[in-house]
Amino acid sequence: YSKMTNPAVEKHPVVIFFHGGNWENGGLFKEGQYTELGPNLLYAKDEFLKKGYAVASCQYLRKTGGNKFPGPIKDAADAVRYIKDNAQSMNIDPSRIILAGKGAGAHTALMAAFRGVEYSSLGKSDFPVISAVIAYSALTDLPDLMSGSGNQAALRAFVEDYIGTAFAQDPTPYEQASPALRLHKDIPDCLLYISTQEAEPYGSQWTRLDDKYTELSKSLGAGEKIRGDLIKRTGDGTPEDFFKKCSEIFIMDQPDGGA
């Protein structure tokens, strides 16, 4: 957890990062020891700090195992709840929380934002309302990935290991772990980035999320609407470039933390 003191800001918005690594690596642990927060954990950390954000990194892979779904989602939800419950001592505004991540971390951020209240072990009442999600290379529909064609054997193997059971044997947990299939009308603004170097499967995964978002929107009654918007960006920049740009375009002076 890091913050930059800014007398002009009474309470700071916070960005909680979830690292990538195919649910197997990339976290704070290295050779059994905690490591320093590196650029793969906190992209553009200094840029966010300069603009008045507090920044946190969630270690959602467990040192002694427990990396199977829904373990990482539970840890992510508990991290969000912990920051909300301790916001006063951290000088954080609990009404302005952004979740961000890359790869497995992007998937984890979306799941924590959409369904965190279901997985938190620290209390389900008064779970924080997430302002926005920033997701770089996010999987959103795991059944679609597992049943699709294309050269994604390695990625499918990572997903199957994460879920812990073969898709053909039981597709239910794959559905439960799919942000596109867990939508509801109170989801936050979501900015999803797809690198031109990883157009697939992430382009198709974006389409699945967008299609389900449209279906949900059409199913709502008169006067109802989905709280957040879906925003898609593509490019060939690095994750650092993308998150640095996000630190410039996300405006956190609105009560709902709108983007």
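Predicted model only: the values in this text are computed from it and were never measured. Throughout, residue positions are numbered sequentially from 1 according to the sequence presented.
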Could you give the distance from [atom1] ([X]) to [atom2] ([Y]), rounded to the nearest 0.5 Å?
X	Y	atom1	atom2	result
Leu145	Asp141	CG	CG	8.5 Å
Ile134	Leu191	CD1	CG	6.5 Å
Ser217	Lys185	OG	NZ	12.0 Å
His107	Asn22	NE2	CG	12.0 Å
Asp210	Arg208	CG	CZ	11.0 Å
Thr108	Leu139	OG1	CG	10.0 Å

Heavy-atom closest contact ([X] atom, [Y] atom, distance):
X	Y	answer
Gly21	Ala104	N-CB, 4.5 Å
Asp189	Gly228	OD1-CA, 3.3 Å
Leu99	Ala112	CD1-CB, 3.9 Å
Ile226	Leu220	N-CD1, 3.8 Å
Gly101	Phe243	O-CZ, 3.7 Å
Pro143	Ser147	O-OG, 2.7 Å

Problem set entry | Results of salt bridge (charged side-chain N to carboxylate O under 4.0 Å, His left out) for Asp93 - residues two or more places apart only | Arg96

Exercise. Partners of Asp241 by salt bridge (charged side-chain N to carboxylate O under 4.0 Å, His left out), sequence neighbours excluded?
Worked result: none

[Y] side chain reached by [X] side chain, heavy atoms, under 4.5 Å:
X	Y	value
Pro72	Phe18	no
Phe242	Lys102	no
Leu209	Leu183	yes
Tyr174	Leu181	no
Cys190	Phe114	yes
His184	Arg115	yes
Val159	Phe167	no
Pro239	Tyr193	no

Is the backbone of [Y] close enough, under 3.5 Å, to the side chain of [X] for a donor and an acceptor to pair up by distance?
X	Y	answer
Asp78	Ser121	yes
Thr140	Pro179	no
Ser219	Leu216	yes
Arg81	Pro128	no
Ser195	Gln197	yes
Thr234	Ile194	no

For this session: Determine, step by step, whether Val14 and Ile98 satisfy the side chain to side chain contact (heavy atoms under 4.5 Å, CB included) criterion, reporting the C-alpha distance in whole Å, the side-chain angles of both residues, the deciding distance to 0.1 Å, and the verdict.
Result: CA-CA 6 Å; Val14 62; Ile98 287 180; over 6 Å; no

Exercise. Residues in side chain to side chain donor-acceptor pair (under 3.5 Å) with Ser137, at least two apart?
Worked result: Glu198

Problem set entry | Atom CD of Glu224: over 12 foreign heavy atoms under 6.0 Å | yes

Membership question, hydrophobic clusters at under 4.5 Å side-chain separation (ILVMFWY): are [Y] and [X] in the same one?
X	Y	result
Val133	Val129	no
Ile187	Val117	yes
Leu142	Phe158	no

Exercise. Can you list the steps and then say if Phe48 with His12 is a side chain to side chain contact (heavy atoms under 4.5 Å, CB included)?
Worked result: CA-CA 11 Å; Phe48 280 102; His12 294 265; over 6 Å; no

Problem set entry | With sequence neighbours excluded, residues passing side chain to side chain contact (heavy atoms under 4.5 Å, CB included) with Pro94 | Lys84, Ala87

For this session: Can you tell me which residue pairs pass the salt bridge (charged side-chain N to carboxylate O under 4.0 Å, His left out) test with a partner in residues 150-179, sequence neighbours excluded?
Result: Lys68-Asp161

Exercise. Is the ring centre of His19 less than 6.0 Å from the ring centre of Tyr60?
Worked result: yes

Problem set entry | ring-ring contact (aromatic ring centres under 6.0 Å, His included) pairs, two or more places apart, involving residues 201-231 | none

Problem set entry | Modelled atom types, side-chain donor and acceptor of Thr172 and Gln176, under 3.5 Å | no

Exercise. Could you walk me through whether Glu118 and Arg182 pass the side chain to side chain contact (heavy atoms under 4.5 Å, CB included) check?
Worked result: CA-CA 11 Å; Glu118 298 177 15; Arg182 307 299 306 278; 2.8 Å; yes

